[in-house]
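Residue numbers begin at 1 in each chain, while the letters A, B, ... track the order of the sequences.
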2 protein chains.
Amino acid sequence: MSLRNAVLGFLALTPSTGYDLKSHFDGSVRQFWTADQAQIYRVLGQLVQDGLVTVEVIPQPDRPDRKVHHITAAGLAELDGWLASPLDAHTVREPFLLRLFFAGRLGAAGVIGLIDARAAAAEGQLAALTAVRAQQPNPADLERALRLATLDNGIRHTQTELDWLRDLRGTVTTTNTTSKEQER
Amino acid sequence: MSLRNAVLGFLALTPSTGYDLKSHFDGSVRQFWTADQAQIYRVLGQLVQDGLVTVEVIPQPDRPDRKVHHITAAGLAELDGWLASPLDAHTVREPFLLRLFFAGRLGAAGVIGLIDARAAAAEGQLAALTAVRAQQPNPADLERALRLATLDNGIRHTQTELDWLRDLRGTVTTTNTTSKEQER
DNA sequence: AGCCTATATATGTCAAGTCTTATATACGCG
DNA sequence: CGCGTATATAAGACTTGACATATATAGGCT
């Protein structure tokens with residue numbers, strides 16, 4: 001359901017083809033939302049049927065015609081309705097935490113391996129995000145400020161994850177040592 | 001696919017019925033993983049078919065018989081394989097960030113409303129998590145340390161979210177003021 | 001010469017998860 | 001006395017999303 005609204009959101013910014021939309025998703029919201037290409041086209045079809053979007057066909061000689069989708073007044077209304085609707089408690093899915101929860105079986109060494117792998121991934125992501133962040137100019141308006149904020153959110157949470165991993169690594173080492181000593 | 005492994009993980013801790021498993025999911029990993037009751041039963045069926053789990057039927061006079069599921073050696077092997085497998089980059093879904101990305105249309109006042117709603121939810125969650133955390137004894141072994149760590153992860157990220165929201169609130173107010181002054 | 005990528009849309013299939021309903025009994029609350 | 005909750009399992013319908021594949025051309029890389 002959010003994909004539908006996200007597509008409306010992008011179309012409110014600028015009319016786009018399905019192909020364009022896929023680029024927009026991959027380019028600017030990838031870190032907190034992904035969209036499947038096939039799903040985008042299906043959603044566009046629904047939006048047209050529902051009268052929230054109109055299609056302008058731009059013929060191209062060599063390639064498939066561009067079907068540029070424009071948001072309608074009804075579409076904007078639905079978008080605004082979504083933006084202003086109450087927040088629904090969304091169910092988080094963190095596969096890493098799930099694994100960690102059961103990872104005691106691996107023993108301390110195995111857990112350290114998991115932690116380090118996770119930390120490496122987080123370091124990479126932090127580097128990528130800060131690199132993107134460094135290229136951003138100071139936001140001139142609210143819209144840009146918000147987009148920048150979503151980026152900062154990712155950076156802060158990634159940093160928090162790294163901090164937590166560092167502390168956990170220490171704890172696991174200590175706990176393991178203690179446990180070994182108890183065995184003696 | 002993770003649900004399958006999580007079920008194996010719980011069964012490795014203690015034999016359980018589908019009903020028990022639902023309670024375990026809701027009770028201890030709810031904050032980072034959810035499981036649908038119907039899905040749990042379907043997964044249990046698959047695990048039995050695959051020989052990773054055996055069923056012990058305990059008749060009950062009044063109620064439906066308890067079908068206690070026990071993990072097999074093959075099941076433990078599969079669990080360990082999962083625990084030690086490389087981490088797959090999981091796609092994050094943050095509906096709030098998606099909304100914020102497009103929320104410029106709402107104007108500063110509307111965005112502040114979104115931020116405050118999110119902050120209220122996060123405050124509530126932080127209170128709930130810290131309350132649970134306060135009841136936990138110091139972990140005696142690795143398994144308990146890891147479970148406590150997943151709780152700490154939630155607390156830290158929730159705190160980070162609150163910090164970010166506070167800063168964002170300030171930024172939105174400032175940006176809005178600047179923008180208004182520019183309009184004059 | 002062959003392969004990959006980019007541009008552009010579309011269908012088919014499958015897996016996974018969500019929601020609803022069904023069946024049975026017992027206990028506590030108002 | 002009815003309603004919700006707890007105990008227990010299970011099937012059905014439905015939605016979403018993920019992945020593969022098809023079509024068509026052009027340009028660049030190896």
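- A straight line from NE2 of H69(B) to C1' of dA10(D) spans 12 Å, rounded to a whole angstrom.
- At a threshold of 4.0 angstrom between heavy atoms, the contacts of R4(B) with the nucleic acid are absent.
- Judged by distance alone, the side chain of D36(B) and the main-chain N or O of A38(B) form a donor-acceptor pair under 3.5 Å.
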For this session: Determine, step by step, whether L3(A) and V7(A) satisfy the side chain to side chain contact (heavy atoms under 4.5 Å, CB included) criterion, reporting the C-alpha distance in whole Å, the side-chain angles of both residues, the deciding distance to 0.1 Å, and the verdict.
Result: CA-CA 6 Å; L3(A) 178 58; V7(A) 167; 4.2 Å; yes

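- Salt-bridge annotation for D152(B) and R156(B): absent, with no side-chain N of the basic residue lying under 4.0 Å from a carboxylate O of the acidic one.
- Taking atom CE on M1(B) and atom P on dA16(C), their separation rounds to 5 Å, with Å as the unit.
- Taking atom CG of residue L44(B) and atom P of nucleotide dG17(C), one finds them 13 Å apart after rounding to whole Å.
- Looking at every heavy atom in both residues, P95(B) comes nearest to R93(B) through CD-O, 3.4 Å.
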Going by atom type alone, with no hydrogens or angles, which donor-acceptor pairs under 3.5 Å involve a side-chain atom of residues 102-128 of chain A and a protein atom two or more places apart or on another chain?
residue	atom	partner	partner atom	Å
R105(A)	NE	D80(B)	OD1	2.9
R105(A)	NH2	D80(B)	OD1	3.2
R105(A)	NH2	D80(B)	OD2	3.0
D116(A)	OD1	R169(A)	NE	2.8
D116(A)	OD2	R169(A)	NH2	2.9
R118(A)	NE	E161(A)	OE2	3.0
R118(A)	NH2	E161(A)	OE2	2.9

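- Scanning residues 9-40 of chain A for heavy-atom distances under 4.0 Å to DNA chain C yields T17(A), G18(A), Y19(A), Q37(A), A38(A).
- For H90(A) (side chain) and D88(A) (main-chain N/O), no donor-acceptor pair under 3.5 Å exists by modelled atom type.
- Here the closest heavy-atom approach between residue S16(B) and residue L11(B) is recorded as N-CD2, 3.6 Å.
- Contact annotation: Y41(B) side-chain N/O to dT9(D) OP1/OP2 distance is under 4.0 Å.
- Nearer the 5' end of DNA chain D, as judged by each residue's closest nucleotide, is the contact made by R66(B), out of R66(B) and R93(B).
- When rounded to the nearest whole Å, the span between CD of Q60(B) and C1' of dA26(C) equals 12 Å.
- Residue L47(A) contributes atom CG, which lies 15 Å from atom P of dT9(C) at whole-angstrom precision.
- The distance from atom NE2 of H90(B) to atom C1' of dG17(D) is 15 Å, rounded to the nearest whole Å.
- Here dT25(C) presents its P atom at 13 Å from CG of D65(B), a figure rounded to the nearest Å.
- When each of P64(A) and R42(A) is assigned the nucleotide of DNA chain C with its nearest heavy atom, P64(A) is the one assigned upstream, toward the 5' end.
- Protein atom NZ of K67(A) is 18 Å distant from nucleotide atom P of dT23(D), rounded to whole Å.
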